Amino acid sequence: MKNSFILLLSLLTGVFIVPSYGQQRFTPLQYPCNDLDGNPLDFPFVGGLNNAQYSTIDYNSDGIEDLFVFDRAGNSIYCFENTGASGEISYKHSPEYETWFPPLADWVLLRDFDGDGLTDIWASSSNTQGPAGVEVYHASRNGNKITFERIKHPSEDYDILYYEYTPGKFSNIQIDAPDYPSIDDIDGDGDLDIITFEPLGGYVYYFKNLDKEEGNPPGTFHFVLEDECWGKFWESGLSEDISLSPDSTKCFEELRKGKVETRHSGSTLLTFDADNDGDKDILIGDLSSNHINFLTNGGSIKNAWMNKQDVRFPSYDKPVKLDLFLTPFLLDVNNDGWKDLLVGVNIPRGVENKTASWLYVNKGNSSKMQFSFSQEDFLVGQMIDLGAGARPFFVDYNADGLLDIVVGNDHYYQPGGIRRATLTLIENIGTENNPAFKIVDKNWLNFSKFSEGNIGKWNYAPAFGDLDGDGDMDLLVGEIDGYLFFGENTAGQGQPMQFGTISYKFMGLSARRSSVPFIIDVDRDGLNDIVLGTRQATNDQDGNACGNFYFFHNTGTKESPMFDADPNAGLNTSCFGHVILQDRRYGGRVYSAPYLYDHQGTLRMYAGTNSGIKVLGDISATKGKTFSILDDNFGHLKEGDRLMPALADIDNDGVLEILVGNIRGGLRFYKTNTKTDGSMVAVRTPAPRASLSISPNPSSDVIHLHVSKKGVITLFDMQGRICKHQVIGSGYSSMDISMLSKGIYLYKFTSATGFSSGKIAVARR
C-alpha cells in the first residue's frame, strides 16, 4: 500500500528525484482538507491572505490571463492558473511559478509597458533599493519560463523611474511605500503613465510618459510632471473627504487660495474608464477610511475634471466596508470578458484579516460598468486562514496513531480593534501513508476566553510534551506578554486528550515578549525541559546581545516538574545556543520560534525567524555552549515574515515534512530534504505544467475540457486504479463520466508542454 501510494503521488504531482547538492528549494505539498462543515477546501495549505494585491499574467502561454497575487503582509507572492470556462470562477494554485519573481516589497502591479504580450513588473523601490519610487522589471520568455530583469538607469544612482522637472534635470517619481499608484495609459497614446498623490499633499500628480510622442524605444521612460492637480480635486489632510472643483479649468486649491493643510501619507488609486467615454474615472482608498470613493470624470482625456463622487461605492449595490485603508483592483475574474472589481485591505496591522478580499462581479455592458457584490473572501475562503499569525504543532490528540495539527494564531480582527485569539484543531482523517485533514474546532479548549477584555492575551503558540511523567502529552501555550498557559492532560497514556482547568503564568517562566515554547529533554536526564522563543533579542547579565532563545532546566522529578523562573539560575539561560537571529530590517524584533527534532539521538533545532528558517546543531544544555548553524536558510522558503515551523514524517516515508505558519495566519506544507535519522535526501522537483481547464466540477455526467495542446487525460480513483483514459485534441472537448460512482477522482493530463493534475468531483442528482 505504501509503495502504491508513493507511485500514485509521484504520478499525479509529476515529481521526480534530482541529485542533492548543498541547499535546495523545497517544493510545496498540498493535502486534502475539509472545513468545519465537511466541505473540501481548494487551497487549504497555500498560506493565507491579509493584504492581497491582484494583477493578471499569462504564465503558460495558453492565451488565458492567470492570477498573480502579492500580499503586503510578508511581501509574499502567490500564483494561480485560471482554469475557469467562460462565466466561471476557477483557479488552481501553481507554486512553481512563484520562484520566477524577484524580491518585491510594499506594492506591485503587473503591466505590459512594451506591448510584447508579456506582463512586466512595476513595484515599490522604498524597501528594495532605498528611495521612495518605482522600479520596473522587464519580462521575457525563456522556454517555458518567464524571467524578469530590472530596468537599469543609464546615469542615475538607482534603478528607478525619474521625471524631468526642468530641462536636463531629473528627480525620482516619489511614491511612498504605504501608497498604491495607478499605472495606466491616461492620455490614450499607447504608453503607460503614472497617477499618484503628491508627497504629503492632497492633490494627484499626473506623470506623463513621452516615449510615444518622442518615438523612444519602449522602456526609455521619459516622464514629465504633466499635471500637478489631475482631476481638479483635493483630498483632506485630516480625513478621507474629497472636495471637487466646480470649475473644470481650476484646481480646488486655487479656490481655497492656497490655505490647504498637509495631508497624511496613505492613499490608493485605480483609474479606469467606467462609462466608456474615453477618459479615466478613478477609485480612491484612504488610510483613514473604511470605504472607497468613486469619482466620475466629467472632463476629457486632455483635461480631467472630477465632477461627481460616490463616497460609499458602489452605493447602488452593497457598498464596500472594510477597516481600514482599502485598495481596489480591476480584472476579469469570471472569464466573461468584463473586468470585475476586487477590494482588499492595504495596511498590514490592526485591520480586518479574515474576510478582506471582496469581489464584485461586473454585471454592466459596453457603455457602463455595474458591479454586483459576490463574496467577501475571494480565494482566502478556500484556505486555512486564521487571521494574523499562525503557530502549528503536530500532536496525536485523539490517540488514533495519526498526527493531527493544533494551531495558535496571533488574533482575528474584531471591530473596534479588539483582538480575538484561538487554538484551532485540525484532525488527520487520512491514513498512515496518505494524510488528509479536517478542521474540527476553531476555538479548541475555548482559548478565546483568555483574549477577552482589556487584559486579554493573544499571539498563542501551542506546544505539547509530557511534563508530569504520566505518559501523555501536556499543553503549554505561549502568548504576547511572554508567559505560558499550562494545561495538564489527565487522559492517560494512549487515550484521547482531556484537559481540566487551564492555568496562567506557569511557574513564572517568561520570555519577556511573545513566548514560543517547546518541551524536550535537552540534557538527557529523563526530565523534559522547556525552550522558549521570543519576540525580543536577549542579552546576557552584562547587557550584551547573546541570543534569541531561553532555556529553562527541569530540576524536579519525573512526576513533579520544577522550574526556576530566574533565566540565569543553574543551567537556565537567556542565551541558549548563543545564536543571534536578528534581521537588520526588523531591529530587535526576532520572533524566534524553536521546533526541536530528535534525529535518533541527535537534536537539531529548526528555528523560525522573521525571514526564514535556520537549522541549528550541537544542541546542548551546557551553559555558554554555542550552537552551530547547519543551514542558514532551510528550504529557501518564500513565506514572508514570522515563520513558525513544525516538523514530522506525516506520510510515513522516512522523510520529514515541514508545516510553516506565517504572519498572514496561513499554513504551507513542504517536503524537506531531511530524513528522520538526520541524513539528507534529494528534494522533489516538479515537472512543467500543461494547461487544462475542466467544467463543470462537480459534474454528474459530462465534463468539458479545454486544452492548448493535444494530450491524454487519465482518471484514477482514490486507491490509484485507472478509471478512464482518453486522448483529447487542442481546444474544447468532452468526457463522459456518467459510469463513475459518486465521489472524488484524481486526474493527470499530459501533453507536449508538460502535465497538470487535480481532482474531479462526481455528483449524482
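This structure is a prediction, so every number in the text was calculated from the model and none was measured. Start at 1 with the first residue, then count along the sequence.
Here the side chain of N428 pairs a donor or acceptor atom with the backbone of L403 at under 3.5 angstrom. When atom types are taken as modelled, the side chain of R420 and the backbone of Q414 share no donor-acceptor pair closer than 3.5 angstrom. Although no hydrogens or angles enter the test, the distance criterion places a donor-acceptor pair under 3.5 Å between the side chain of E657 and the main chain of I650. Under the 3.5 Å distance criterion, the side-chain polar atoms of R25 are matched with a main-chain donor or acceptor of H636.
The residue from Y606, F464, F549, F393 that alone fulfils the ring-ring contact (aromatic ring centres under 6.0 Å, His included) condition with Y595 is F393.
Relative ring orientation between W444 and F499 is described as perpendicular, the plane-to-plane angle rising above 60° on a 0-90° scale split at 30° and 60°. Ring planes of F450 and F447: perpendicular class, angle over 60° (limits at 30 and 60°). Under the 30°/60° scheme for interplanar angles, the aromatic rings of F437 and F669 are found to lie parallel. Note on ring orientation: taking the six-membered ring where Trp is involved, the planes of F634 and F26 are perpendicular (angle over 60°, cut-offs 30° and 60°).
No salt bridge links D649 with K675; every basic N to acidic carboxylate O contact stays at or beyond 4.0 Å. Ion pairing between D481 and K457 holds under the 4.0 Å rule for side-chain N and carboxylate O.
The shortest heavy-atom contact between I480 and R513 is O-CD, 3.3 Å. The shortest non-hydrogen separation linking Y397 to V440 is OH-CG2, 4.3 Å. The two atoms that bring A621 and L571 nearest to each other are O-CD2, 4.0 Å, heavy atoms only.
In this structure, K505 is positioned above the aromatic face of Y483, its NZ or CZ under 6.0 Å from the six-membered ring centre and within 45° of the axis.
Checking S448 against N443 by side-chain atom types alone, a donor-acceptor pair falls below 3.5 Å. No hydrogens or angles considered: a donor-acceptor pair under 3.5 Å links the side chains of E98 and H93.
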Note to self: Does R604 form a salt bridge (charged side-chain N to carboxylate O under 4.0 Å, His left out) with D631? I'd like the steps, not just the answer.
What the structure shows: CA-CA 11 Å; R604 288 181 190 164; D631 193 332; over 6 Å; no
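The side chain to side chain donor-acceptor pair (under 3.5 Å) search around K614 returns D632, not counting sequence neighbours.
Annotation for L36: atom CG counts as buried by contact number, over 12 foreign heavy atoms lying within 6.0 Å.
By the 4.5 Å heavy-atom criterion applied to side chains, N353 and H411 are counted as neighbours.
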